[in-house]
*Asks:* 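I'd like to ask you about the structure that follows.
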Amino acid sequence: MADEERAKRKREHLELAMKQTDGDNGFDEMELIRPALPETKLSQVDLSTSFLAHELKAPILIEAMTGGTDEAAKINEALSRIARDLGIGLALGSCSIVEKSPESLSSFTIARKVNRKGLLFANCSPTTPVRAIRKTVKGMRADALQIHLNAVQEMAMAEGDRDLTWLEHIGNIRMSCPCPIIVKEVGFGLDRRSVQRLVEIGVDTFDIGGKGGTNFAQIELERGGNDNHLSTLADLGLTTAESLMDLRGIKGINIIASGGIRTPLDTLKCLVGGANLVGMAGSVLKVLKQEGEEGCRAYLARFIEELRVLLCLFGCQRINDAKKVEYVLHGKLREFAEQRSVRHG
Ligand SMILES: Cc1cc2nc3c(=O)[nH]c(=O)nc-3n(C[C@H](O)[C@H](O)[C@H](O)COP(=O)(O)O)c2cc1C
């Protein structure tokens, strides 16, 4: 694809993501049981955590969004300063563009210039040439590489890929990438079987990217994509809550929960459901665009403080204690979790 077209697509994604309305992330049907006797002190609640051997001040990740254009460089620079100041993680958008436009590399490496020690992820598609990946990972000194699975988006895009055979590519990237890899979805959720197939080839870190937030089928429809299929494509996938339930019991994996996370309570529910880290893209982008860098930093700082209050109220002194919070599932989420656990034993 021509560089100009790719850059235009990136601009359109940013614009259209801003206009998206909230979807259903499934967490309304997960009810946490709050202990009336929490036995915690707010001053002693510690939100710090370690992810891929990196220390974070809170279990939050600003998710992959952009790179490759001048506007993207400005966004990445601002997000990187925010992540540095708050001690949280940051993933950048896909580096596929670096193959054809080597000058676009600076829109990615800027993040590392600003945030020299923070947790930083590069991002690519399964078919991004290894050369572009190595160049970006090295330039960013990335701590990990996210490989995104975006099958629904590809089908929805008029110019999208129709070849969805990715497993071998992922294996090759894993073997040649100088840092750990994370496989993620982009808003349609990860299912148990796909994760197990990836575990078999040595992947152990996953980012759910579930349904309930940014919806790329809808975005592609608005860009004038492949209208014949789109009415159904926008409804496909697992919500973030369903995806989290589907991955329960898979041993030895790290989970980032993302997709439609809008509140500290959603975040706590992700931690209770087994996530190690919680990611947000669309909601952060909206605040950044509407309230600027200061506003976005203040918003995330408040978000983290509220998470601290919630942990205290639910009797958790540390992030890991969240896994002991009791919960019940209602409605569709309960049915989903029951049927999937019967089927998987
Ligand atoms: C403007 C925009 C651009 C995105 N670009 C990428 C990308 O390049 N690579 C990727 O893996 N995910 C990308 N995503 C998906 C997010 O990383 C995330 O998985 C998804 O938006 C779900 O999170 P959300 O509901 O909090 O937005 C993008 C999201 C947005 C809003």
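Please read all numbers here as calculations on a predicted model, not as lab measurements. Indexing begins at 1, ligand by ligand and atom by atom, following the structure's order. Counting begins at 1 with the first residue of the sequence.
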*Asks:* I'd like the name of whichever of Arg262, Met65, Lys184 reaches closest to atom 10 (C) of ligand 1 through any heavy atom.
*Replies:*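 Nearest option to atom 10 (C) of ligand 1, by heavy atoms: Lys184.
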*Asks:* Enumerate the atoms of ligand 1 whose separation from the nearest heavy atom of Gly93 is less than 4.0 angstrom.
*Replies:*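 Near Gly93, the atoms of ligand 1 are 8 (O).
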*Asks:* Specify the protein heavy atom at minimum distance from atom 14 (N) of ligand 1: its residue, its atom name, and the distance to 0.1 Å.
*Replies:* Ala64 O, 3.1 Å
*Asks:* Identify, for atom 26 (O) of ligand 1, the protein heavy atom at the shortest distance, and state residue, atom and that distance.
*Replies:* Ala281 N, 2.9 Å
*Asks:* Going by the order shown, which atoms of ligand 1 are within less than 4.0 Å of some heavy atom of Glu185?
*Replies:* 19 (O)
*Asks:* Working to the nearest 0.5 angstrom, can you tell me the gap between Asn276 CG and Asp207 CG?
*Replies:*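 Output value for this atom pair is 11.0 Å.
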*Asks:* What is the closest protein heavy atom to atom 20 (C) of ligand 1, and at what distance does it sit?
*Replies:*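 Looking only at protein heavy atoms, the one closest to atom 20 (C) of ligand 1 is Val186 O, 3.5 Å.
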*Asks:* Does the distance from a Lys or Arg side-chain N to an Asp or Glu carboxylate O, for Lys286 and Glu291, drop under 4.0 Å?
*Replies:* no
*Asks:* Show which atoms of ligand 1 fall inside a sub-4.0 Å distance from at least one heavy-atom site of Glu63.
*Replies:* 17 (O)
*Asks:* Could you tell me whether a side-chain N or O of Lys184 sits under 3.5 Å from a main-chain N or O of His148, the two making a donor and an acceptor?
*Replies:* no
*Asks:* Once rounded to the nearest 0.5 Å, what's the spacing between atom CD of Glu242 and atom CZ of Phe27?
*Replies:*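 So the gap between those two atoms works out to 10.0 Å.
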*Asks:* May I ask you to decide if Ser104's main-chain N or O and Ser101's side chain share a donor-acceptor pair within less than 3.5 Å?
*Replies:* no
*Asks:* Check Glu293 with Arg297, please: is the shortest side-chain N to carboxylate O separation under 4.0 Å?
*Replies:*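 Answer for the salt bridge query: yes.
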*Asks:* Please write down residue, atom name and distance for the protein heavy atom closest to atom 8 (O) of ligand 1.
*Replies:*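 Nearest neighbour among protein heavy atoms for atom 8 (O) of ligand 1, to 0.1 Å: Ser94 N, 2.9 Å.
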*Asks:* Could you check whether any side-chain N or O of Thr49 sits under 3.5 Å from a backbone N or O of Pro59, counting only pairs where one atom can act as donor and the other as acceptor?
*Replies:* no
*Asks:* For ligand 1, which atoms sit closer than 4.0 Å to a heavy atom of Gly282?
*Replies:* 24 (P), 26 (O), 27 (O)
*Asks:* Going by the atom numbers of ligand 1, which of them fall below 4.0 Å from some non-hydrogen atom of Ala17?
*Replies:*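 Matching atoms, with element in brackets: 1 (C), 31 (C).
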*Asks:* Considering only the protein, which heavy-atom contact is closest to atom 27 (O) of ligand 1, and what is its distance?
*Replies:*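 For atom 27 (O) of ligand 1, the nearest protein heavy atom comes out as Thr214 OG1, 2.5 Å.
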*Asks:* Say whether Ser96 and Thr128, considering side chains only, have a donor N or O and an acceptor N or O under 3.5 Å apart.
*Replies:* yes
*Asks:* Please identify which atoms of ligand 1 are closer than 4.0 Å to at least one heavy atom of Gly213.
*Replies:*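 Contacts of ligand 1 toward Gly213, numbered from 1: 25 (O).
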*Asks:* For Ile82, is there any backbone N or O sitting under 3.5 Å from a side-chain donor or acceptor partner on Asp85?
*Replies:*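 Side chain of Asp85 to backbone of Ile82, a donor-acceptor pair under 3.5 Å: no, none is there.
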*Asks:* Among all protein heavy atoms in this structure, tell me which lies nearest to atom 9 (N) of ligand 1, with the distance rounded to 0.1 Å.
*Replies:*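 For atom 9 (N) of ligand 1, the nearest protein heavy atom comes out as Asn123 OD1, 3.1 Å.
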*Asks:* Quick one: nearest non-hydrogen protein atom to atom 22 (C) of ligand 1, plus distance?
*Replies:* Gly259 CA, 3.8 Å
*Asks:* What is the closest protein heavy atom to atom 25 (O) of ligand 1, and at what distance does it sit?
*Replies:* Gly260 N, 2.8 Å
*Asks:* Please report the interatomic distance CD(Glu63) to CG(Leu92), rounded to the nearest 0.5 Å.
*Replies:*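 One finds 11.0 Å between CD of Glu63 and CG of Leu92.
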